[in-house]
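Structure first, then comments.
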Protein chains: 2
Amino acid sequence: MNKTLKEMDVLRQHLEKHQLKLTRQRELILTAFLRQEHITAEAMYHQLAKKDPHLGLATIYRTLNLFCEAGIAQARHFGTQTQYDNISHKGHHDHLICTGCGTIVEFENCEIERLQEEVATKNGFVIQTHRLELYGLCSRCRH
Amino acid sequence: MNKTLKEMDVLRQHLEKHQLKLTRQRELILTAFLRQEHITAEAMYHQLAKKDPHLGLATIYRTLNLFCEAGIAQARHFGTQTQYDNISHKGHHDHLICTGCGTIVEFENCEIERLQEEVATKNGFVIQTHRLELYGLCSRCRH
DNA sequence: TTTGAAATTGATAAACCGTCTCAAGAGGAT
DNA sequence: ATCCTCTTGAGACGGTTTATCAATTTCAAA
Ligand SMILES: [Mn+2]
Ligand SMILES: [Mn+2]
Ligand SMILES: [Zn+2]
Ligand SMILES: [Zn+2]
């Protein structure tokens, strides 16, 4: 029973609007991507290499970037690595990252968001984007 | 009247403790660095390339990283560029960055800091570091 | 002051991560 | 099925930072 994915439709619409084509690779990568919360291009590459050993790394990058343009993914730069965040079913959020095991926890805090706006206004700025990342040790990594 | 700089002493102590040497280059770079609030290695390189003997780019990087270890500087990754933040006379702070002109404004907001701790605790984390950057347009860049 | 072991320097190679190039292949409107 | 356009995969390339290494400098001890 292959249920019609909302995200596949989002992609199809984006492709249509921009005269792009729905390829086997794009379907494959989207299906795999939607199983993840956050994933790097490299990890996606290795994961898919098992299925289709000829998927090029450049195609992974191109396709994940396409998903960003379509609003399905968002590139997040944590420390040195870039994680593609599956935002198809999420609103804005920020992250807690464990420096021990790499676990990524998402959170939303509207009070912090409000205070950010307040700080910006106080300094004459209008915010376009922001980054908030908390790095530390999760309970398991502290034993 | 060459007043004795507190930062030069901090550097001297750090060098002594680690069996490192005080070189003409390190003095030169420190003096120039202390005139800045935030600066990239590349900018520092160009600023100093005109003077004196010729300073290699590798030396600039090595020395700025040395300052970080000595607690005089802190590397901050804004967008794609790495700014070395002169923290010799500052406590913890975060930044507002204008995407129009590149202006960097520092701010401290203990209420945000407190809420960050609260979020971390709620998720079983103990924070080691954090990044908070607000990107937007300053009043001049909005006209 | 001279000496010499150890640290430092500058030039440049290399690593890293992602994008660009381009010839060959695939998509899809007609 | 045709044919124009878009996409793909392999590898070259680019920007930024670090590693390498022979020559030079520092500085403590003689
Ligand atoms: Mn996320
Ligand atoms: Mn600062
Ligand atoms: Zn952990
Ligand atoms: Zn501005």
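A note on names: the letters A, B, ... follow the listed sequences, proteins ahead of strands, and every chain is numbered from 1. The structure presented is a predicted model; accordingly, all values stated were derived computationally and were not measured.
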Query - Cluster companions of B/Ile104 among Ile, Leu, Val, Met, Phe, Trp, Tyr (side-chain spacing under 4.5 Å) - result: B/Phe78, B/Ile97, B/Tyr135

Report summary line: Students should find that the nucleotides of DNA chain D closing off the region near chain B, any atom under 4.0 angstrom from a heavy atom, are D/dT16 to D/dC27

Query raised in the report: In whole Å, what is the span from the CD atom of B/Glu69 to the P atom of C/dA7?
Result: 15 Å

Requested in this report: Measure from OH on B/Tyr61 to C1' on C/dG10 and round the result to the nearest Å.
Outcome: 15 Å

For nucleotides 21-25 of chain C, print each protein N/O atom paired with a nucleotide N/O atom at under 3.5 Å, atom names and distance only.
residue, atom, partner, partner atom, Å
C/dT21, O4, A/Arg62, NH1, 3.4

Query raised in the report: Base, sugar-phosphate, or nothing for B/Leu55, non-hydrogen atoms under 4.0 angstrom?
Result: sugar-phosphate

Report task. Measure from the ring center of A/His95 to the ring center of A/His38 and say whether it is less than 6.0 Å. Result -> yes

Sequence neighbours left out, cut at 3.5 Å: what donor-acceptor pairs do the side chains of residues 117-126 of chain B make with other protein atoms?
residue, atom, partner, partner atom, Å
B/Glu118, OE1, B/Arg114, NH1, 3.1
B/Thr121, OG1, B/Glu117, O, 2.9
B/Asn123, ND2, B/Val119, O, 2.8

Report summary line: Across all chains, not counting sequence neighbours, the side-chain hydrogen bond (donor to acceptor under 3.5 Å, both in side chains) partners of A/Gln128 are B/Thr99

Residues 50-58 of chain A, side-chain donor-acceptor partners within the protein, below 3.5 Å, at least two apart:
residue, atom, partner, partner atom, Å
A/Asp52, OD1, A/His54, N, 3.0
A/Asp52, OD2, A/Arg24, NH1, 2.9

Query raised in the report: Can you name the ring-ring contact (aromatic ring centres under 6.0 Å, His included) partners of B/His92, sequence neighbours left out?
Result: B/His130

Report task. Using salt bridge (charged side-chain N to carboxylate O under 4.0 Å, His left out) as the criterion, list what pairs up with B/Lys21, not counting sequence neighbours. Result -> none

Query raised in the report: Roughly, in whole Å, what's the span from CD1 in B/Ile60 to P in C/dT12?
Result: 17 Å

Query raised in the report: What residues, two or more places apart in sequence or in another chain, satisfy salt bridge (charged side-chain N to carboxylate O under 4.0 Å, His left out) together with A/Glu106?
Result: A/Lys90

Query - Touch class at under 4.0 angstrom, heavy-atom based, for B/Thr80 against every strand present - result: nothing

**Report entry** Presence of A/His77 side-chain N/O under 4.0 Å of C/dC17 phosphate oxygens OP1/OP2
**Finding:** no

What donor-acceptor contacts under 3.5 angstrom involve side-chain atoms of residues 60-73 of chain A, with partners at least two apart or in another chain?
residue, atom, partner, partner atom, Å
A/Arg62, NH2, A/Thr59, OG1, 3.4
A/Thr63, OG1, A/Thr59, O, 2.6
A/Asn65, OD1, A/Tyr84, OH, 2.9
A/Asn65, ND2, A/Tyr61, O, 3.3

Report task. For B/Arg76, enumerate each residue passing the salt bridge (charged side-chain N to carboxylate O under 4.0 Å, His left out) test, keeping only those at least two apart in sequence or located in another chain. Result -> B/Asp85

**Report entry** 5′-ward residue of the pair B/Tyr84/A/Asp52 relative to DNA chain D
**Finding:** A/Asp52

**Report entry** Neighbours of DNA chain C within residues 18-45 of chain B, by heavy-atom distance under 4.0 Å
**Finding:** B/Gln19, B/Leu20, B/Lys21, B/Thr23, B/Gln25, B/Arg26

Query - A/Glu37, CD atom: more than 12 neighbouring heavy atoms under 6.0 Å - result: yes

